[in-house]
Visitor: 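Pasting in a structure now, in structure tokens, and then I'll have a few things to ask.
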Amino acid sequence: MRISKIFVILCVLMIFVFSSLSFAQGKSVKIKVVFDKNVKPVYENIDLSVSLTTTFADIKDSTARIVHVLGISKESTTRKINEFVRDEKGDYVYFKGNYYKIADKRRYTFDEKQKTYVVDKYGRYVYLQEYAWARKQEEKYIISDFYSLKTYEIPVMNYYIYLVVTDIDVQTFFIKSVTPIVGKGSTVERAIENARKIFSTVVNEYSPDKVDIAVLFEKGFDPVLRTALLAKLQEDTRYNIYDRLYIDEIMEIVRTSDLFGTEQIVLKFQPPRYLITFENLVKSDYQFTEDRYCFFENPVNGAYIKKSVGNLDVPVKVEVGSYYRYDSNTKRYVYDKEKGSYVKYYKGPWEKDNYVYETMFYDYMLYKLTKLNTFYSLLMKVFDTEKGTLVGSRFFSRQIETVLKEPVDRFGTEVVHFHTDTKIGSYYSVASEVQAFLQLLFPLSTAISQISGEKALLEGGKNIGAKSGYVFQSIANGYTTSFMRLERVFEKGSEASIFYIVPGEEVEPHSLVIETKQYPSNLGIRFGFFIEKETYGMKIGYIKSDIYGNYLWSFTSSFGTPYDTISVDKLIFPVAFEFSKFLFGENIELLLGTSFNVVSESSGASYISDYGVLIGLALSSYVRNSVLSYGGICFYTGINYAIPLSNFELSPNNLNLSIGVDMRF
């Protein structure tokens, strides 16, 4: 009896052990973290291997993953902070979005009977005596608490981690994807987590319908730029793209690895149809300092205005708190605190006048900026591996400048810019240009399977790397017949909306369609000049066309200048907004709109007058440039009638004739 109990216990233990082993084997994560020779597995007391294994553990079935750490770095500095905290003993108040030092620290209440402000320790108002630009004395009483200023410096840093995540099919040992990533964060953990978020948005798995491209970087190529270039190219899912030298590195890493539970693994990859090389990389960095005027708005007692000298804004001191108006009778500027619109500045001996219309006043500081400048250039070539020919090449160059610190307020609070961020942003910018160049070399192509009205079903989808928004042109007998934009993309098909059909052509099923970056737009720009009986000016707006490129309607804004501008008392500028509908083709337009005058007086006052409604007709000499390119320059003449709204009166004087030049793009 005792033996049987022991036997039962042993059986239970064996079942438990085997179950645990089976569970562990079933749940084992096939992931390996490897480090470049210049990267240590432990960084600032953080085990990168453990952290990356946990973060990138969401692997699909029958897939092994290699997380390769190419580099990790940080950039650190300090920045000055000014913080205002409520304090009844403080000597600052808050007004118009900023803080100002105050002399009178008493509180006030408004006495309704005496119509004046009286001292009251529980009052809501404080007296901002320093408010020199107040029009009236009453404006200096403001509602505010008291604040104290605390100034200190805080450390600021960013961490950057550069990874390549490679997924491999366990059964076929085929490389499914190679995804370079740049992760950034205020801590190492956040940088890794952000890298994981970026990885989840990049989907570029192998498809036999895509173009196979290998990338080759010259020895010693900048690893960050290399990662940025590959990361951007991976976003364009039209390629099976991989770094050829990196594949060799991966082979060495896993050749005898236990990642697959066996030895002597030989990874497989598709022989490339094209080869891209990046070479002749030239880089230089240098640091320098520069003095800059930093302006900060101060509507309370700002003593300066801006004045442009070349490409530089310089401070010009003004007479603080004094307003002037122009007296047309005496032809002089007179002091007027309440209604004046001009301020007086201290002019140079070469200047004729020292009164200027200005409403914004500033403080400034002369700040010594530290800048880092980086220049780099590289050459890209694309080769056809089957024909042994050069398909295309292009030279790229960039010069970037980073201001490390600069003030953001009157108290010297600093904002910090990281040089690494600027460089990475520049690298991605160049990578976008590389991506656009390759898209011109390798346009997507497929066929139309079905036509339904202005909708077309295409045979290619995600399997060829198509994305929503891509534009295709259909071709029949060697000629373009239409243009269409992808609206929905499926795994092996797409739905496109036809937005332009070549006049006289039809779109047929089974036609070839090729991706294009140059296509007609049904929303264009309109620009022109005109002459009327009392004014001349220009107009600008946009113009809408239909699927066949025929114009439908347009909306324009016109700005005029009177012939008679002799008056010194006021200037009148006519403005109009016109909606036009094309009738019976593209040369006759029905005009509807509104008009008004902007009046500017010599005293500085401005207002709008003479509102009216317009109705008219326009005739043009427009002739379409070609079947696929419409637009051009033409002459036009128009006649319109203005119905005034402020003083309704029908008169022949409201009739206006105009001639001009109309440019359509």
Visitor: Supply the atom-to-atom distance N301 CG to D363 CG, rounded to the nearest 0.5 angstrom.
Guide: 6.5 Å
Visitor: Do V300 and F95 have side chains that approach each other closer than 4.5 Å (heavy atoms only, starting at C-beta)?
Guide: yes
Visitor: Quick one: does any side-chain atom of S144 pair with a main-chain N or O of Y94 as donor and acceptor, under 3.5 Å?
Guide: yes
Visitor: Please confirm whether the backbone N or O of K89 pairs with a side-chain atom of K105, one donor and one acceptor, at under 3.5 Å?
Guide: yes
Visitor: Do the side chain of D327 and the main chain of K331 share a donor and acceptor less than 3.5 angstrom apart?
Guide: no
Visitor: For T594 and G612, indicate whether the former's side chain and the latter's backbone hold a donor-acceptor pair under 3.5 Å.
Guide: yes
Visitor: Can you tell me how far the CG atom of N98 sits from the CG atom of N298, to the nearest 0.5 Å?
Guide: 7.5 Å
Visitor: Counting only heavy atoms not in R135, do more than 12 sit closer than 6.0 Å to its CZ atom?
Guide: yes
Visitor: Check this for me: K40, atom NZ, are more than 12 non-hydrogen atoms of other residues, nucleotides or ligands nearer than 6.0 Å?
Guide: no
Visitor: Please work out which of the three classes, parallel, tilted or perpendicular, describes the rings of F295 and Y293, given edges at 30° and 60°.
Guide: tilted
Visitor: Centroid-to-centroid, Y286 to F288, below 6.0 Å?
Guide: yes
Visitor: For D145, is there an ion pair with R86 - N to carboxylate O distance below 4.0 angstrom?
Guide: yes
Visitor: Do R107 and Y125 form a cation-pi contact, if we require the NZ or CZ to be under 6.0 Å from the six-membered ring centre and within 45 degrees of the ring's axis?
Guide: no
Visitor: I'd like to know whether D662 forms a salt bridge (Lys or Arg N to Asp or Glu O under 4.0 Å) with R526, so could you lay out the CA-CA distance, the side-chain angles of the two residues, the decisive distance to 0.1 Å, and finally the verdict.
Guide: CA-CA 7 Å; D662 185 21; R526 194 172 194 180; 2.9 Å; yes
Visitor: For M360, does its backbone N or O pair with a side-chain atom of E358 as donor and acceptor, under 3.5 Å?
Guide: yes
Visitor: Between N354 and Y345 (side chain of the first, backbone of the second, donor and acceptor by atom type, cut-off under 3.5 Å), is there such a pair?
Guide: yes
Visitor: Identify whether NZ of Lys or CZ of Arg in K306 sits under 6.0 Å from the centre of the six-membered ring of Y362 and within 45° of that ring's axis.
Guide: yes
Visitor: Any salt bridge linking K371 with E401? Criterion: basic side-chain nitrogen under 4.0 Å from a carboxylate oxygen.
Guide: yes
Visitor: Just how far is it from atom NZ of K307 to atom CD1 of I305, taken to the nearest 0.5 Å?
Guide: 7.5 Å
Visitor: Counting the benzene-type ring for Trp, do Y100 and Y131 have ring centres under 6.0 Å apart?
Guide: no
Visitor: Quick one: are D91 and Y147 in side-chain contact, heavy atoms under 4.5 Å?
Guide: no
Visitor: Between the side chain of W133 and the main-chain N/O of G302, is any donor-acceptor distance below 3.5 Å?
Guide: yes
Visitor: Report the distance from atom OH of Y127 to atom CG of D104, rounding to the nearest 0.5 Å.
Guide: 8.0 Å
Visitor: With a 6.0 Å cut-off (strictly less than), is the heavy-atom count around NZ of K337, excluding the residue itself, greater than 12?
Guide: yes
Visitor: Checking T55 side chain against S51 main chain: does a donor-acceptor pair fall under 3.5 Å?
Guide: yes
Visitor: Quick one: OG on S554 to NZ on K544, what's the gap to the nearest 0.5 Å?
Guide: 13.0 Å
Visitor: Relative to the ring of Y99, is the ring of F84 parallel (under 30°), tilted (30 to 60°) or perpendicular (over 60°)?
Guide: parallel
Visitor: Side-chain contact test, heavy atoms from C-beta onward, threshold under 4.5 Å: evaluate it for V188 versus K74 and give yes or no.
Guide: no
Visitor: Between Y333 and Y342, does the ring centre distance come in under 6.0 Å?
Guide: yes
Visitor: Less than 4.5 Å apart, any side-chain heavy atom of N654 and any of I643?
Guide: no
Visitor: Cationic tip of K317 within the cone over Y304's six-membered ring, i.e. under 6.0 Å and within 45° of the normal?
Guide: yes
Visitor: Rounded to the nearest 0.5 Å, how far does CD1 of I154 lie from CD of E414?
Guide: 10.5 Å
Visitor: Whether the side chain of K405 engages the backbone of T78 through a donor-acceptor N/O pair (distance < 3.5 Å, no angle test) should be reported.
Guide: yes
Visitor: Compute the centroid of each ring, for Y355 and then for Y357, and state whether the two points are separated by less than 6.0 Å.
Guide: no
Visitor: Donor-acceptor check, side chain of N82 to backbone of F411, threshold 3.5 angstrom: yes or no?
Guide: yes
Visitor: Any carboxylate oxygen within less than 4.0 angstrom of a Lys/Arg side-chain nitrogen, looking at K423 and D421?
Guide: no
Visitor: Under 4.0 Å between a side-chain nitrogen and a carboxylate oxygen: does that hold for E153 and R79?
Guide: no
Visitor: Determine whether the side chains of T374 and D285 contain a donor N or O and an acceptor N or O closer than 3.5 Å.
Guide: yes
Visitor: Is the distance from the ring center of F146 to that of Y92 below 6.0 Å?
Guide: no
Visitor: Give a yes or no on whether a salt bridge exists between R292 and E406, defined as a side-chain N under 4.0 angstrom from a carboxylate O.
Guide: yes
Visitor: Do D222 and L281 come within less than 4.5 Å of each other through their side chains, counting heavy atoms only?
Guide: yes
Visitor: Establish, from distance only, whether the side-chain atoms of S432 and Q435 form a donor-acceptor pair under 3.5 Å.
Guide: no
